[in-house]
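All values derive from a computational prediction rather than experimental measurement. Sequential numbering from 1 along the given sequence is applied to the chain's residues.
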Amino acid sequence: MPSSSSKPSVSFQLCIAYGLITIISASYMTPWVAIGTFIEYYMARFGCNYFVWLNTAFYLPGLPISFMQLSNDEHWDRKYGIKNTFLCRMSIALV
């Protein structure tokens, strides 16, 4: 019989961090999904280009951040480790 000390342990803080990241991610997408449910109404009211402008306004601000992340990831990953920088990056980016 295996001993109880051989069970893998997951720290409570890590579980909280992943739970918060999940909640923040869901909260971040809620307005987008809510607007998407009324897309026919908004297109009839504001015209056919509404969805194009909506996508541009939603996704374009993230483009410079993606380029900054691309140029800085390797440095921070080497300095603090991939797991730590990922948790920090997600916590900051989604808050």
(request) Go through Ile21 and Ser25 one step at a time and tell me if the side chain to side chain contact (heavy atoms under 4.5 Å, CB included) criterion holds. (result) CA-CA 6 Å; Ile21 288 171; Ser25 299; 4.1 Å; yes
(request) Could I get the full list of side chain to side chain donor-acceptor pair (under 3.5 Å) partners for Tyr41, not counting sequence neighbours? (result)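 Checked Tyr41 against side chain to side chain donor-acceptor pair (under 3.5 Å); matches are Arg45.
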ring-ring contact (aromatic ring centres under 6.0 Å, His included) involving [X] - partner list, sequence neighbours excluded:
| X | result |
| --- | --- |
| Tyr50 | Tyr42, Phe46 |
| Phe51 | none |
| Trp32 | Phe58, Tyr59 |

(request) Among residues two or more places apart or on two chains, list those pairs meeting salt bridge (charged side-chain N to carboxylate O under 4.0 Å, His left out) that have a residue in residues 54-73. (result)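 Non-adjacent pairs meeting salt bridge (charged side-chain N to carboxylate O under 4.0 Å, His left out): Asp73-Arg89.
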(request) Assess whether atom CD1 of Ile82 is packed by more than 12 heavy atoms of other residues, nucleotides or ligands within 6.0 Å. (result) no
With sequence neighbours excluded, residues passing side-chain contact (heavy atoms from CB on, under 4.5 Å) with [X]:
| X | value |
| --- | --- |
| Ser11 | Gln13, Leu14 |
| Ile16 | Phe12, Leu20 |
| Thr56 | Val52, Leu60 |
| Trp76 | Asn72, Lys79, Tyr80, Thr85 |

(message) Restricting to salt bridge (charged side-chain N to carboxylate O under 4.0 Å, His left out), what partner residues turn up for Glu40, sequence neighbours left out?
(response)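 Result, salt bridge (charged side-chain N to carboxylate O under 4.0 Å, His left out) vs Glu40: none returned.
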(message) Return the CD1 to CD distance between Ile65 and Gln69, rounded to the nearest 0.5 Å.
(response) 9.0 Å
(message) Less than 4.5 Å apart, side chain to side chain, heavy atoms only: is that true for Tyr18 and Leu87?
(response)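 A side-chain contact exists here, since the closest heavy-atom pair is under 4.5 Å.
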(request) Examine Ile23 and Met29 and state if one hydrophobic cluster contains both, with Ile, Leu, Val, Met, Phe, Trp and Tyr joined whenever side-chain heavy atoms are less than 4.5 Å apart. (result) no
